[in-house]
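Here the structure comes first, spelled out in structure tokens, and everything after it is commentary.
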Amino acid sequence: MGLQQASRVTAFKWLGFVSAVWVQAISGNNYTFSNYSNALKSIMDLTQVELNNLSVAKDVGKAFGLLAGLASDRVPTWALLLIGSIEGLIGYGAQWLVVSETISPLPYWTMCVFLCMGGNSTTWMNTAILVTCIRNFRKNRGPVVGILKGYVGLSTAIFTDLCDALFSDSSADFLLLLSIAPLAVCLTAMIFLHEVLPSATALDYQQESKYFNIFNVVAVVVAVYLLAYDFVGSQSHVFNVVFSAVLLVLLASPLIIPSYIAIKSWFESQTISNVEDQTSHPLLVQEAVPDTQVEVKLMAEEAAAVSALNGELKKQQPALGEDHTIIQAFKTLDFWVLFVSFLCGVGPGLMVMNNMGQMGSALGYSDVSIFVSLLSIMGFFGRIITGTSSEYCIKKAATPRPLFNAASQILLAVGFVVMAIAVSGCLYIGSILVGICYGVRLAITVPTASEMFGLKYYGLIYNVMILNLPIGSFLFSGLLAGYLYDAQATATASGGNECYGAHCYRLCFFILAGTCLVGSGLDFLLAARTKDLYRKISVSKRSKESD
């Protein structure tokens, strides 16, 4: 019965992970602002600074993710998901009412509040998913984060392509989808996603790795499928319906894994029940050694007392790799190096995502949906490839994860230079490079923080790191890009403004390239400071495999 029960728990754990993947596939709605920003700008007669400040309000919502982090150790997973999905329904629902012209445009400050709510909704969902799944799969943090964050990257393309296929790329219908879909998916995940005991044996660890490889393959198929649709485009109503149906089937296909485990468990239970009938009371003799148990208990208590006496300083400031409270993390140089390097990576990426609509218009593109999808899909590849490859490199060569961030920052700087000099097809090149490097940054930083500062208080530490999103959005999108664009733009009769030409964002791109190089230097510094930690992690992973 014990083996049968364990198999059922394993099947339920993987079913929870599948539902987590679905939540992540719809929780990247915060990156879709460019798909409807032009509609907001037109309806509300906004300048570029005003529009960019709306995007900042959206990202400021992530600053309130601290509430989700504080709640993650006190509130069950289902409650976090419910709060996030309801908040998203209200935030995006209000935007839909305005863009669909169901109601008159709301006051500017009111729209800021609703965009803030929409942005904050994802912090509850992401915190619930990441904290629960990393704790359920402690030995495979890299692949877990790579897959989950990869689907976040794909979610923008999923929303964009579904809306284009089913609703002819309508901004109003797009916002309606953003408000309803997360609620429906989160209600499903609330049933299945719970914290369970992590794998304990080398066999379980190896089995997990095989299943994660299957998730990776499915995710790559979904990404390639979406990319193919982006380049083929809408053909006919029947074509679009078939595309949408196949996409939903692909998203549902990971259910094969928990189904396989459950079926395998049932067949094993039939075999085990026959054996159990022949062995009725073999464990009764186990009662006989209380003295040994008492002795072991006394030894454990004595060791704990010695540790408490000699490790008082260690308790006050734990070593890198041990559990840190948020205050203890703040006291370390490593935390601030990671924090600022993260800002130098995600800030420039968010500037491009929030301003892609206006970048496309400046260079003469009437439809930027393909660039939004490219950012999303390339972000997926960046996340999923580095999630798996960084795990492999740690195990084989003790390679510090921050080295992946350093390399991505250099590549991102090259992308910004390409967009600044406006070579032919620069938006395609820029979308690909920004998407990949932004994805790498998220996929690497999330497990790095957990490895440096432990899992006990990870929910709060993760949300403090995510403060870089609103800070980066404000600095690079709201201030830098907004003011530099308006300085080049000409006023329109309605009260807004427009800028056309490569010069609109040139200086901004050069500044962002320099920022990325600063971030790369910080990542190299962090890699040097954490090399001993990753050497220990590498030894632990190899010994786990050999057990």
- Item | Evaluation steps, side-chain contact (heavy atoms from CB on, under 4.5 Å), between Tyr151 and Val23 | CA-CA 9 Å; Tyr151 273 96; Val23 172; over 6 Å; no
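- Contact between Ser431 and Leu374 at its shortest, heavy atoms only, is CB-CB, 3.9 Å.
- By the 4.5 Å heavy-atom criterion applied to side chains, Phe114 and Val98 are not counted as neighbours.
- Looking only at side-chain heavy atoms (C-beta outward), Leu484 and Arg506 stay at 4.5 Å or farther from each other.
- For Phe64, the CZ atom sits in a loose shell: 12 or fewer heavy atoms of surrounding residues, nucleotides or ligands are nearer than 6.0 Å.
- Nearest heavy-atom pair, Leu363 versus Gly501, reported as atom, atom and distance to 0.1 Å: CD2-C, 4.3 Å.
- Leu375 places none of its side-chain heavy atoms less than 4.5 Å from the side chain of Tyr438.
- Side chain of Trp22 to main chain of Leu251: a donor-acceptor pair is present (N/O by atom type, distance under 3.5 Å, no hydrogens or angles).
- Cys344 has its SG atom 2.5 Å or further from the SG atom of Cys516.
- In this structure the side chain of Val337 never reaches within 4.5 angstrom of the side chain of Asp334, judged on heavy atoms.
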- Steps toward side-chain hydrogen bond (donor to acceptor under 3.5 Å, both in side chains) verdict (Ser27, Gln24): CA-CA 5 Å; Ser27 65; Gln24 296 290 262; 3.2 Å; yes
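- Asn463 and Thr127 share a donor-acceptor pair across their side chains, judged by distance under 3.5 Å alone.
- Under the ring-ring contact (aromatic ring centres under 6.0 Å, His included) test applied with Phe453, the options Phe335, Phe339, Tyr462 reduce to a single match, Phe335.
- Separating the SG atom in Cys437 from the CD1 atom in Ile410 is a distance of 10.0 Å, to the nearest 0.5 Å.
- With Arg529 contributing its side chain and Leu525 its backbone, the two residues share no donor-acceptor pair below 3.5 Å.
- Taken to the nearest 0.5 Å, the CG atom of Leu97 stands 9.5 Å off from the CG atom of Leu176.
- Side chains of Ser341 and Asn405 form no contact here, defined as non-hydrogen atoms less than 4.5 Å apart.
- For Asp173, the salt bridge (charged side-chain N to carboxylate O under 4.0 Å, His left out) criterion is met by no residue, not counting sequence neighbours.
- Here the CG atom belonging to Asn240 is positioned 4.5 Å from the OH atom belonging to Tyr229, to the nearest 0.5 angstrom.
- Taking both residues in full, the closest heavy atoms of Leu193 and Cys133 are given as CD1-SG, 4.2 Å, listed atom of the first, atom of the second, then distance.
- Among residues two or more places apart in sequence or in another chain, the salt bridge (charged side-chain N to carboxylate O under 4.0 Å, His left out) test is passed with Asp59 by none.
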- Query: side-chain contact (heavy atoms from CB on, under 4.5 Å) between Asp230 and Ile377: does it pass, once the steps are laid out?
  - Reply: CA-CA 10 Å; Asp230 287 336; Ile377 294 169; 3.3 Å; yes
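- Between Cys116 and Val60, the shortest heavy-atom contact is SG-C, 4.3 Å.
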- Query: Stepwise, does the side-chain hydrogen bond (donor to acceptor under 3.5 Å, both in side chains) test hold for Thr123 with Asn126?
  - Reply: CA-CA 5 Å; Thr123 66; Asn126 289 338; over 6 Å; no
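- Note: Ile384 CD1 to Lys149 NZ = 14.0 Å, rounded to the nearest 0.5 Å.
- When side chains are defined from C-beta on, Gln409 does not count as touching Leu522, because their heavy atoms never get closer than 4.5 Å.
- Taking the six-membered ring for Trp and the full ring otherwise, Phe174 and Trp96 have centroids separated by 6.0 Å or more.
- In this structure, Tyr505 has its ring center under 6.0 Å from that of Tyr485.
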- Decide yes or no on side-chain contact (heavy atoms from CB on, under 4.5 Å) for Leu475 and Leu480, but give the supporting numbers first. CA-CA 6 Å; Leu475 292 176; Leu480 180 67; over 6 Å; no
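- In this structure, CD1 in Ile90 is found 11.0 Å from OG in Ser179, a value given to the nearest 0.5 Å.
- Counting only distance, with no hydrogens or angles, the side chain of Ser520 and the backbone of Leu517 share no donor-acceptor pair below 3.5 Å.
- Counting only distance, with no hydrogens or angles, the side chain of Ser473 and the backbone of Pro470 share no donor-acceptor pair below 3.5 Å.
- Using modelled atom types and a 3.5 Å distance limit, the side chains of Thr448 and Glu451 yield no donor-acceptor pair.
- Counting non-hydrogen atoms of neighbouring residues, nucleotides and ligands closer than 6.0 angstrom, the CZ atom of Phe243 exceeds 12 such neighbours.
- In this structure, Gly382 and Val440 approach most closely via the heavy-atom pair O-CG2, 3.6 Å.
- Under the 3.5 Å distance criterion, the side-chain polar atoms of Asn53 are matched with a main-chain donor or acceptor of Val49.
- Judged by distance alone, the side chains of Tyr457 and Gln328 never bring a donor and an acceptor atom under 3.5 Å apart.
- Partners of Phe239 by ring pair (Phe, Tyr, Trp, His ring centres under 6.0 Å), not counting sequence neighbours: none found.
- Arg441 pairs in a side chain to side chain donor-acceptor pair (under 3.5 Å) with only one of the listed residues (Thr386, Asp523, Asn468), which is Asp523.
- Contact record, Phe380 with Gly150: CD1-O, 3.3 Å, taken as the closest heavy-atom pair.
- Panel note: side chain Thr122, backbone Gly118; no donor-acceptor pair is recorded below 3.5 Å.
- Considering CD of Gln95 and CG of Leu106, their distance stands at 10.0 Å, rounded to 0.5 Å.
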- Task: Might you work through the side-chain contact (heavy atoms from CB on, under 4.5 Å) test for Ser477 and Asn355, ending with a clear yes or no?
- Result: CA-CA 7 Å; Ser477 185; Asn355 289 270; 3.1 Å; yes
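- Enclosure of atom CZ in Phe330 by more than 12 non-hydrogen atoms of other residues, nucleotides or ligands within 6.0 angstrom is indicated.
- Judged purely by atom type and a 3.5 angstrom limit, Ser361 has no side-chain atom pairing as donor or acceptor with the backbone of Gln358.
- In this structure, the side chain of Tyr108 engages the main chain of Glu50 through a donor-acceptor pair within 3.5 Å.
- Side-chain contact annotation: Thr77 with Thr132, donor-acceptor N/O pair under 3.5 Å present.
- Residues Ser72 and Leu460 fail the side-chain proximity criterion, which asks for heavy atoms closer than 4.5 Å.
- Looking only at side-chain heavy atoms (C-beta outward), Leu54 and Phe33 come within less than 4.5 Å of each other.
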